[in-house]
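Order of the sequence lines fixes the chain letters, A, B, ..., with proteins taken first and strands second; residue numbering starts at 1 for each chain. The structure presented is a predicted model; accordingly, all values stated were derived computationally and were not measured.
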Number of protein chains: 2
Amino acid sequence: MKNEDEPKDKRLKGGDAQKLTMAEVAKYVGVSAMTVSRAFRQDASVSEETRKRIMEAVDALGYVLDLSAGSLSSRRSGFIAALVPSINNSNFSDTARGITDALENTGLQLLLGYTDYSAEKEEKLIEAMLRRRPEGVILTGGSHTDRARRMLDKAGIPVVETWEIPEEPINHVVGFSNSEAMSLLVRTLASQGYRRFGYIGGTTARDTRGSQRRSGFLKTVEELGLGPGRAISFGVPPITMEQGGQAVVSLLERWPDTEVVLCVSDLSAFGAIMECKRRGMNVPGDIAIAGFGDYEISSICHPSITTINVDCYGIGRQAAARLLDALQGSGEATGDEMTLTGYKVVLRESTDRGGAR
Amino acid sequence: MKNEDEPKDKRLKGGDAQKLTMAEVAKYVGVSAMTVSRAFRQDASVSEETRKRIMEAVDALGYVLDLSAGSLSSRRSGFIAALVPSINNSNFSDTARGITDALENTGLQLLLGYTDYSAEKEEKLIEAMLRRRPEGVILTGGSHTDRARRMLDKAGIPVVETWEIPEEPINHVVGFSNSEAMSLLVRTLASQGYRRFGYIGGTTARDTRGSQRRSGFLKTVEELGLGPGRAISFGVPPITMEQGGQAVVSLLERWPDTEVVLCVSDLSAFGAIMECKRRGMNVPGDIAIAGFGDYEISSICHPSITTINVDCYGIGRQAAARLLDALQGSGEATGDEMTLTGYKVVLRESTDRGGAR
DNA sequence: GGGCAGAATGGTATCGATAACAATTCGAGG
DNA sequence: CCTCGAATTGTTATCGATACCATTCTGCCC
C-alpha cells in the first residue's frame, strides 16, 4: 500500500530548506560571517547601524543561531546540569525553579535530570550530562558512586551538592543538616510536653536525606531520655501520601499510646492525618502529627500541619549563584565552600497542645 | 589582598587537563579516531575485540564522549525540547516524567523549560531551545505567538501540542478537550440532582486550558437549563490552594444558595474544601465541591475529592512516542495526527449526595 | 590460483560557529 | 598633510567528532 514516489517527508509543511547558516545571513546583508556572529553578542564591537541591518535580515530570513556550533568553537557549552531525585516532589521542583530563575539572563541553560533516588541512575545521568560538557553541575545530596565522583572530578568543573551536608563534599555545598532539623522539631515538641514519639519514613537504603532525618529523630529522643523512639519504615522512598496513611495505622497498632508522630515529609504526614480522621480520630486531640518540608498543602490543610520549613527555592538560587561565582573565576578568596541554608519549625494546628477542635 | 601569582584555578582539585579527545584515546589504543567513534555506537562495524580494547582505554583514561562536537558533524543534536507551563504542578511534572521515560534508551535527551503560562515566555524559550537544534518539540496547549509559530515552522521538525485540542494544530496533537471534560463533569453531577452550580477559576487571559474548562462549564449549565452559572475568577493562573479557599468564600457570599462548586483544578478545590471546613461547613453536606486533574491529594483528602482523571503521564509518553515515530521517518501513512487521550469522572465523597457526615 | 564479497579500519573533508589576528576606516592632533 | 589610535570589519584556522569514500584483509567459490 505504500507509494514509492511519495515524498518521504516527516513534516515539511511550510518548511523550506531550514539549513540557514550565518554565512548566508552575512551574504544577504553584505558583511562577513564574523560580523554577524558579533552582532549576536552584546559585548562585541559592531556599529549600531550594522547590527540593526543584520538583525533585520535575521528576522526576515528567520535565522536562528546555532549554539551547538558556537559552543564547539568557543568551548563553552552554555549548559548547567542539575540532578534532582524527583521532579514530582514540589520541594525539588521548587529548587529546580530557583536554579532556573537564577540562571535567567546569564545565557546559561539548565539541563535537568531525575535520579529517582538512585545512585546508579545518578551515575548514568552524570555521564549523559557530561557528554554535553556542562559548565557546572548541581547535585542533590552527597551520596554518589565512585565512578560518578571520578567523572565529576575529571571534568574539572564546579560542582554544588545541595539539600544536605555531605561527609566528603566534592566541591561546593548549599544545604542544611537534615538530622539537626529533625532534632530541632523533636526538641520543640518535647518542650511542649510531648513524651511518646513515633516516626514514619521510608526504608533507608535510597533516600539519604530521609535516613538522616530518621537518625536525627532517634538520636534526639534518646538524648532526651524519652525511651526508644517508635519508628516505622514503610515503602520505598519517596513515601507517598497513601503510604503515610498506612504507616500511621501500623504504628498505632503497634504502639497505641503514641502521642505524636513525626513524618519524613509533609506528604506522608498529610496522608497520616487524613487516615486518622477517616477513622474518627481527632488530630491533634487523639494524636498529634508533624511533617517536614512545609509544602503548600500543610498551611492549607485542616488541621494545618506542623512542619519544618526549608528554603527549597533558595537552595536552588544559591546553588546556581555559587556556580556562577565559580564560573566568573572571581578568584577572590574562594573562601568557605559551604553555604548553610536556614530552616525553622512551623508550629500549626496538627500538634496544638490545647487541641480538641 | 590578592596574590597575583596565585593560580587562577576555578576548581582543579584532582582535575588534570580534562581536555581529552577521541584522537588521544585512539592513539593510546593504536587505532584511528574514526574507529573510536564507531566503538561508541552499537550499530557500527567494529570487531568485538577492538571495541573492548577501546572501551578499556576509555575507562582507564576517563574519557567522556563529546556530543556537542558529534552533533555538529552528524547534524543530529539528540535533543527533544519540551515546554510546560509550570513544573511545580504535579500534573505537568507527570507529563514531563512520561516524556522522560519514553525517551529512555533512545539516545535522546530532554530539554525542559517552564513558560509560566505566558505565551511571551514560551516564545523566548522556543527560540532558546531551537538554538540547540532539537529534533522535535513538545508544547503544552495550542496558543502560541505568531513568531513562535513561524520559528517552529521554519525549523522543519516535528511538533506535538499537548493537553488540549488546538483550533489550528501545528503538527501533531496529543490531548483532550478540556471543555468537554468539564462538561461531562457538570452533566454527571446534574444527573445526580445538583442544580445550582458555581465555578472557581483563575482569570482567563493566560491559562487556555483553564478558560476552556470555564467555558465548558458555562455552556453546559446553560444547555441544561440550570440558569446562568455562577463563575468566580480569582487570581492569576495557576490559582493556588489558598486562592481556592478565598474564592469559595466570595462565591458563597455572592450566591449563598450554591449547591455545588466546580474548580479549575484539584488544588483550588482542596483549598476550597479546607476553607469550608475551617468555617464549620460540611462538605458535601452543606456544599459539594469538585476539582479537575485527579491529583494524588484528591483521593487521600478527607473528604476525598470528586474530579476528572486525566492521563497526565500518558500524555507525556504518547507525545514522545509521536515524536519518535515522526523521527524514524516511518513514513507509513502519516495518518491522523491527532491522538485523543482519555479522561473520566471520578466520583468521590466531596459530592456524595447522601453526604452528611 | 584468481577474483570477489564483506568485514574491519583508515584518511580527509566537513559540520557552523568563534578565537585570534590582520586590515581597513575615520577623525583628531601635530 | 601625515601619523596614530580607536572603532569596525575581514580572513583564516580551529573546535572534536562524524560522513563518506578508500583501503586492507579475510576467506570462499569456481
K.L.:
Verify, without hydrogens or angle tests, whether B:E161 (side chain) and B:I170 (backbone) share a donor-acceptor contact under 3.5 angstrom.
P.N.:
yes
K.L.:
Looking for any heavy atom pair under 4.0 Å, which part of the strands does A:S32 touch: base, sugar-phosphate only, or nothing?
P.N.:
base
K.L.:
Is A:S45 touching bases, backbone alone, or none of the nucleic acid, heavy atoms closer than 4.0 Å?
P.N.:
base
K.L.:
Under 3.5 Å, side chain of B:K154 to main-chain N/O of A:L61, donor-acceptor pair present?
P.N.:
yes
K.L.:
Look at B:E48 together with B:R51 and state whether they make a salt bridge at an N to O cut-off of under 4.0 Å.
P.N.:
yes
K.L.:
For B:R41, answer base if it contacts any base atom (sugar-phosphate contacts may also be present), sugar-phosphate if it contacts only those atoms, and nothing otherwise; contact means non-hydrogen atoms under 4.0 Å.
P.N.:
sugar-phosphate
K.L.:
When we call it a touch if two heavy atoms are under 4.0 Å apart, what does B:S74 touch: a base, just sugar-phosphate, or nothing?
P.N.:
sugar-phosphate
K.L.:
Heavy atoms under 4.0 Å, any strand shown: does B:V36 hit a base, just sugar-phosphate, or nothing?
P.N.:
nothing
K.L.:
Is the charged tip of A:R53 near the ring of A:Y28: under 6.0 Å from the six-membered ring centre and within 45° of its axis?
P.N.:
no
K.L.:
Does B:D94 have any side chain to side chain donor-acceptor pair (under 3.5 Å) partners at least two apart in sequence or in another chain, and if so, which?
P.N.:
A:N88
K.L.:
In whole Å, what is the span from the CZ atom of B:R76 to the C1' atom of D:dA17?
P.N.:
15 Å
K.L.:
What's the NZ-P distance between A:K27 and C:dG16, to the nearest Å?
P.N.:
13 Å
K.L.:
Using atom CE of A:M34 as one end and atom C1' of D:dA13 as the other, report the distance to the nearest whole Å.
P.N.:
12 Å
K.L.:
Out of D:dG10, D:dG16, C:dA17, which nucleotide sits closest to the side chain of A:S73?
P.N.:
C:dA17
K.L.:
A:R132 CZ to D:dC15 C1': how many Å, rounded?
P.N.:
17 Å
K.L.:
Just the rounded figure in Å: distance from C1' of D:dC15 to NZ of B:K19.
P.N.:
12 Å
K.L.:
Send over the distance from B:L130 CG to C:dA17 P, rounded to a whole Å.
P.N.:
14 Å
K.L.:
I want to confirm an ordering. Mapping A:R38 and B:S47 to their closest nucleotides on DNA chain C, which one lands closer to the 5' end?
P.N.:
B:S47
K.L.:
Are B:V29 and B:T50 close enough that some pair of their side-chain heavy atoms sits under 4.5 Å apart?
P.N.:
no
K.L.:
Where along residues 55-70 of chain A does a heavy atom come under 4.0 Å from DNA chain D, residue by residue in number order?
P.N.:
none
K.L.:
As a test of reading the structure: which of C:dA8, D:dG16, D:dT9 is closest to the side chain of A:V46, going by heavy atoms?
P.N.:
D:dT9
K.L.:
State whether the side chain of A:R131 and the backbone N or O of B:S68 hold a donor-acceptor pair below 3.5 Å, judged by distance alone.
P.N.:
no
K.L.:
For A:R75 and D:dG16, what is the distance between atoms CZ and C1' respectively, to the nearest whole Å?
P.N.:
10 Å
K.L.:
When all nucleic acid strands are considered with a 4.0 Å heavy-atom cut-off, which category describes A:T50: base, sugar-phosphate, or nothing?
P.N.:
sugar-phosphate
K.L.:
Whole angstroms only, please: what is the CZ-P distance between B:R51 and C:dT9?
P.N.:
10 Å
